[in-house]
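To start, the structure itself, in structure tokens.
Each chain gets a letter, A, B and so on, in the order its sequence line appears, and its residues count up from 1. Every heavy atom of this structure was used, including side-chain atoms; hydrogens, water molecules and symmetry mates were not.
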Number of protein chains: 2
Amino acid sequence: MASAKISSDTGTLGKAISVLDVIASAPEPLRFRDLANQIDQPRGTLHRQISNLIEEGLLQVNPDQSYSLGLRLLKFAAQSWSQNGLREIAEPHLRALHELTGETVHLGVLQGTEVIYLDKVESRQAVRMHSQVGNSSPCYCTGVGKAGLSVLPRDEAEARIAQINFHKFTETTLPNAKALLRELDEINRTGNAYDREEHEPGIHCVAAPVFTADRSITGGLSVTAPCYRISQRQLESWADDVRATAQAIIADLPVKMGPRA
Amino acid sequence: MASAKISSDTGTLGKAISVLDVIASAPEPLRFRDLANQIDQPRGTLHRQISNLIEEGLLQVNPDQSYSLGLRLLKFAAQSWSQNGLREIAEPHLRALHELTGETVHLGVLQGTEVIYLDKVESRQAVRMHSQVGNSSPCYCTGVGKAGLSVLPRDEAEARIAQINFHKFTETTLPNAKALLRELDEINRTGNAYDREEHEPGIHCVAAPVFTADRSITGGLSVTAPCYRISQRQLESWADDVRATAQAIIADLPVKMGPRA
DNA sequence: AATCAGGTTCCATTATGTGGAACAAGATGG
DNA sequence: CCATCTTGTTCCACATAATGGAACCTGATT
């Protein structure tokens, strides 16, 4: 992965954001030099971009001259989250589903080819809840992702799938567009999507699509569990409940659904 | 509040972000027209800025043509949060302080003239934890804010205070820079900051500063409680514990502290 | 002391964003 | 039912703002 894709037609803004993106996806703090390597821009230019981002509070310099995302992003995100109507409406339903199954329940939406998790309900209080909210995963190897894809118009789904770079996380990860499309058909028939250890070994889930009437928001919810505790059969037994919960959420959405309630 | 302050010297980026800011701080969804009113820009220009923001996933259009913050911000924020070293280091200490007092414990840092909350530990599990993280409050009427200000170099503190627009939230809200500076002196002497119902009636707190050696990060932690349950005297009895916790966190910070551990 | 890599500043050039005006599409109302 | 207003979108000549090369710091390293 040499250099970050620079969104071609959003000009200056796109370049700035792609700097953020590089920093966000780096596993460890990046210094100026590291950035310069990953982003194909002259040193001077990059330096100014960074300065601007810092001035705006979107980026922070650490004493050791490495960079991290700025706290202003946290502030924005808190607002984005609390204003999100889907999350708000879904919450009681997620709780109910968790009560029923005793396993972790996720709510996520498609953003391009990624799933972004909006909420999570799990038993073990020890695990910090917010740790997961806002995280993202590829759409082709998660239940929520495949559920979200399945309710897109076929051409839209294909367009997105064309952008996917299929990485084989596990033995069972779907290897290509063809396999994925086949599964989307299956999901459309049954109304349920499964992740059979396709993203992480030992973890599987059953999901169902959640979407607005106009498909401007598509995603899904899932019940996730470790294989050692919950069998495939047991998982399948929740399929109807998951679907019912998804339907209940959809029914609660205002006709003209917006991210704010 | 007619129009949003546009950061003058970050050019295009600044303008784009100020659009986000307007949307973020609006209590209800804004339509194109509302934005055009609040942002002093020609319609055409604004329209393109919005389009770019949408394309970058920083903004979303709702079916009813109102706008909300995009989910990509959530993703960025999740990373920003999980990479934040201060939060990570502070967490066990916050828990311990919560165990001791039984009341809500906050950790926040100064960002300009605002406090941004990084973490929160509270008893009532019913309240969603992440609801508060990332929220912000003015620095002049919160314990954490005043604590953070108190450890800034005097001239820096004064510079920031000069930017404050003192709004009288309650009877006891500090009315002006002079009063605030006087209190900062007091905090420097005692090592503890108080919010005596200065932000919300019926809520008070005791706080202590947390900061890096070079003061590049300053903030504080606080124990917050409703007045009806916890007396001023009781609050004061925790002052030493709060200070000790703050010291413990500072001691745990790497010498070259960066937001990442 | 000399060299080098990392980081920052400057400024002429040019690409990019700007904003006025024209256009489209609903509302409103006379 | 047509006229008019209000809201939202597109276009393009122009000016501003981003660009990137080069010069310049600074502190390691030899």
Whether His47(B) contacts dT9(D) is assessed here as follows: a side-chain N or O lying under 4.0 Å from the phosphate OP1 or OP2. Is that the case? yes
Nearest whole Å is fine: how far is [N] [atom2] from [X] [atom1]?
| X | N | atom1 | atom2 | answer |
| --- | --- | --- | --- | --- |
| Leu30(B) | dT7(D) | CG | P | 14 Å |
| Arg31(A) | dA28(D) | CZ | C1' | 12 Å |
| Phe32(B) | dT9(D) | CZ | C1' | 8 Å |
| Arg33(A) | dT8(C) | CZ | P | 14 Å |
| Leu46(A) | dG7(C) | CG | P | 11 Å |
| Ile50(A) | dT9(C) | CD1 | C1' | 15 Å |

Where do Ala24(A) and Gln79(B) come nearest, in terms of heavy atoms and distance? O-NE2, 3.2 Å
Contact summary for Arg215(B) and Val151(B), nearest pair of heavy atoms: NE-O, 2.7 Å
Identify, with sequence neighbours excluded, every residue that meets side-chain hydrogen bond (donor to acceptor under 3.5 Å, both in side chains) alongside Lys75(B). Glu114(A)
[atom1] of [X] to [atom2] of [Y]: how many Å apart, nearest 0.5 Å?
| X | Y | atom1 | atom2 | value |
| --- | --- | --- | --- | --- |
| Ile23(B) | Leu53(B) | CD1 | CG | 7.5 Å |
| Leu74(B) | Leu69(B) | CG | CG | 9.0 Å |
| Thr218(A) | Arg160(A) | OG1 | CZ | 6.0 Å |

Could you go over nucleotides 17-20 of chain D and give all protein N or O partners under 3.5 Å, atom names and distances?
unit_1, atom_1, unit_2, atom_2, d
dA18(D), OP1, Thr12(B), N, 2.7
dA18(D), OP1, Thr12(B), OG1, 3.0
dT19(D), OP1, Lys15(A), NZ, 3.3
dT19(D), OP2, Arg48(A), NH1, 3.0
dT19(D), OP2, Arg48(A), NH2, 2.8
dG20(D), N7, Thr45(A), OG1, 3.0

Begin from the C-alpha positions of Leu184(A) and Leu181(A) and carry the test side chain to side chain contact (heavy atoms under 4.5 Å, CB included) through to its verdict. CA-CA 5 Å; Leu184(A) 295 188; Leu181(A) 282 166; 4.3 Å; yes
Of Ser51(A) and Arg43(B), the one whose nearest nucleotide on DNA chain C sits closer to the 5' end is Ser51(A)
Rounded (10°) bend between the five-pair end axes of the helix from dA1(C)-dT30(D) to dG30(C)-dC1(D): 20°
Compare all side-chain heavy atoms of Leu118(B) with those of Leu71(A) and state whether any distance is below 4.5 angstrom. yes
Would you call Arg154(B)-Asp185(B) a salt bridge at under 4.0 Å N-O? yes
